[in-house]
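In what follows, a structure is listed as structure tokens, so that the remarks can point back to it.
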Amino acid sequence: MKGACLFFLLGYLLAAEGVQSAVATRQFRDVMSRGRAPSHAKLHRGLSSWSSDHNNWNDKLYPYWEEGDPRWKDCWKGGRVVASLTSDSPALVGSNVSFNVILKFPRCQREDNDSNIIYDQHCINGSSDYANLPDLYVYNWTQWIDDCDGQNCSHNSSHNVFPDGRPFPRHKDWRRRNFIYVFHTLGQYYQTTGGSSAMVSINTTNITLGNQIMELSVYRRNYRSFQPVATANVVYVVTDKIPFYVNMTQKNDRNASDYIFIKDIPITFDVQIHDPSHYLNRSAISYRWNFGDGSGLFVSNSSVQMHTYTLLGNFSLDLSVHALIPAPCGPPTPLPPTPLPPVTTSLPSNVTPSFNSLIEEPTGQSPVEGCHIARSGPYKASLFIAEGILGVNIIQMTSVQVATTQVENSMVDFVVTCQGSLPTDACTIIADPTCQVLQSEACDPVDIDECLLTIRRTFNESGTYCVNITLGDAASLALTSTLISINGAAGSFSRTAEGVLLACGFLVVFVAIATFFLYKRYKEYKPIERKTGDEASNEGLSVYFNNVKAVLFPANNEKHPLLKNKPGIV
């Protein structure tokens, strides 16, 4: 009887211990979901190098705190650490999506070259609280790590393991990896060590389309354990549509983001495909444009297209981007039960697949034809085409003489014309001769019946200026520029015609001087032996230089009495 009771008591204790152990044991799914219902997705295959979140979590080495636990307030000296987690989604299914986390420490704290956290002595505006600290370090982890001989540590390194018990990888810079990052998504987790930042990338081939959640827990090194410092999560998107956006630009357009453009000026459409993992690098990509103005369908292999709208009103832009992505050729599809001809995933070499047959596949499937995967992406936009200012010209610049004691001030009137619609405002920007350093800016409303107006601007001192004149209305801006040189007290400026005449004057003087020296050279008599055959040619050369002298030096030729008998010369 006693033996039976003892056996019963022992079984009860063992059962109680098993229940208690089962209750105390945590799994990754319990810790990473933070009390939320885990969102498991059915995968054909697991994520590469990721583990199931049904594995046990070492709660003793990596304590778990619920949200709102007061211990979060003291988990880091000087404040809270924020984990900024971002992704480069949306990701086209089959490509990679990457996640990047950066730890943001409390103010006036930073990470040094050894990944220790130190107080920044150069932090201003309140750094006096930290400047007088006897210790520079917030956390000096270098002192916490025991000496190791190469890759073999002499001490018991049982605490240098991940939450699932796996040992840390031995990197060359393992002493600088004092943070443990645990990523969790789709019922799987990935753990790694690092400094104040970390990145992880996953392939999306087997991920369910739609919005998914990536969760993150960050722990810092403690002396013989690890302490939580931050959590974060981010939503990422996996899609079977090619993600892209269209950048629209147009000369004289005032604001491209309002989708209002100007008639009779070309619009540049630049397609930017979002493909950070370069999944589409080896793909054949085509673009199908329909601008909605009756111009027809345009198919191009270029991501940049230009189009001019010649009519006013609203137009619907339709664009579809198509890609044939190379893919490994799979085995032939098994024969169906009924006697039908066999179907394979590889097309004959003389058959080229068309987009029309590929884009009609149901959403979410991966059509494979000719060892290619076909993907597409749609884009629609509503554009409004309006009248606008097509161009601006300065047709006249006039110096204005003003009776004033401030002779250093000079006023200039700029007569400006434009084409297209009438402007509602005019702005003048005056800069240095390089048009880089702004000196003054003035804008005025304009109310005119025709596109001809005079803009008066004052220049305080002499010098050369770059003048930009901009005329604008609700939809457009048109710009023209000119260089002007102010001469100072006289209140005048150098005109373009004057510069041209001055240059021509220097050219005439140069030619006259060159001709004079040429004349002086040939004027001197140098006796030479004359051959009989050369007499006629030398006489011709003498007549030629006499004619040149008569044209260039008429004053000296007046001494010749025979010239007075020529007509037209008095």
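The chain is numbered in sequence order, starting from 1.
- At least one side-chain heavy atom of F414 sits under 4.5 Å from a side-chain heavy atom of I484.
- At least one donor-acceptor pair under 3.5 Å links the side chain of T424 to the backbone N or O of G472.
- Of the residues V93, V238, T185, the one that meets the side chain to side chain contact (heavy atoms under 4.5 Å, CB included) test with I207 is V238.
- How far CZ of F105 is from OG of S196: 5.0 Å, rounded to the nearest 0.5 Å.
- T482 has its side chain within reach of M397: a pair of non-hydrogen atoms, C-beta onward, lies under 4.5 Å apart.
- In this structure, G292 and F315 approach most closely via the heavy-atom pair O-CD2, 3.4 Å.
- Remark: the backbone N or O of K241 is paired with a side-chain donor or acceptor of T239 at under 3.5 angstrom.
- Contact check for C466 versus L483: side-chain heavy atoms found under the 4.5 Å cut-off.
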| Would T398 and T454 count as a side-chain contact (heavy atoms from CB on, under 4.5 Å) if you check the C-alpha gap in whole Å, the side-chain angles of each, and the deciding distance to 0.1 Å? | CA-CA 10 Å; T398 306; T454 301; over 6 Å; no
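- When side chains are defined from C-beta on, Q419 does not count as touching C451, because their heavy atoms never get closer than 4.5 Å.
- Here the closest non-hydrogen pair linking M248 and A381 is CE-CB, 4.1 Å.
- A donor-acceptor pair shorter than 3.5 Å can be found between the side chains of N468 and S481.
- Using a 4.5 Å heavy-atom cutoff, the side chains of I267 and F291 are not in contact.
- Residues H307 and L317 fail the side-chain proximity criterion, which asks for heavy atoms closer than 4.5 Å.
- For an aromatic pair to be called close, the ring centres must be under 6.0 Å apart, and Y309 with F261 fails this.
- Contact record, F298 with S295: CE1-OG, 3.6 Å, taken as the closest heavy-atom pair.
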| task | Take I202 and V97, measure what side-chain contact (heavy atoms from CB on, under 4.5 Å) needs, and give me the verdict at the end. | result | CA-CA 6 Å; I202 58 177; V97 57; 3.5 Å; yes
| said: Under the criterion side-chain contact (heavy atoms from CB on, under 4.5 Å), I'd like the reasoning laid out for M411 against D413: C-alpha separation, chi angles, the key distance, then a yes or no. | reply: CA-CA 7 Å; M411 289 187 180; D413 282 347; 5.8 Å; no
| task | Would you sort out whether F99 and F183 count as a ring-ring contact (aromatic ring centres under 6.0 Å, His included), showing the intermediate values? | result | CA-CA 9 Å; F99 302 88; F183 296 87; 7.3 Å; no
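- To the nearest 0.5 Å, atom OG of residue S277 and atom CG of residue L92 are 8.5 Å apart.
- With values rounded to the nearest 0.5 angstrom, D88 atom CG is found 5.5 Å from H274 atom NE2.
- Y139 OH to R221 CZ: the interatomic distance, rounded to the nearest 0.5 Å, is 14.0 Å.
- Judged by distance alone, with hydrogens and angles left aside, the side-chain atoms of D275 form a donor-acceptor pair with the main-chain N or O of L280 at under 3.5 Å.
- Side-chain atoms of D114 never come within 3.5 Å of backbone atoms of N116 as a donor-acceptor pair (strictly under, hydrogens ignored).
- Shortest non-hydrogen contact noted between V101 and A83 is CG2-CB, 4.1 Å.
- Rounding to the nearest 0.5 angstrom, the gap separating the OG atom in S476 from the CD1 atom in I262 is 4.5 Å.
- With respect to the salt-bridge test (charged N to carboxylate O, under 4.0 angstrom), the residues R254 and D425 qualify.
- Between S302 and Y287, every side-chain heavy-atom pair lies at or beyond the 4.5 Å cut-off.
- Side chains of Q250 and N252: a donor-acceptor N/O pair is absent below 3.5 angstrom, by distance only.
- Smallest separation of non-hydrogen atoms from K263 and L390: O-CD2, 3.6 Å.
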| query | Stepwise, does the side-chain contact (heavy atoms from CB on, under 4.5 Å) test hold for S300 with Q305? | reply | CA-CA 8 Å; S300 173; Q305 184 72 26; 4.0 Å; yes
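- Within the 4.5 Å cutoff, the side chain of T204 has heavy atoms near those of the S95 side chain.
- Counted within 6.0 Å of CG on D444, heavy atoms from surrounding residues, nucleotides or ligands total more than 12; the atom is thus considered enclosed.
- Scanning all heavy atoms of the two residues, the minimum distance from L452 to I448 falls at N-CD1, 4.3 Å.
- Taken from CG in D293 to CG in L383, the straight-line distance is 10.0 Å, to the nearest 0.5 Å.
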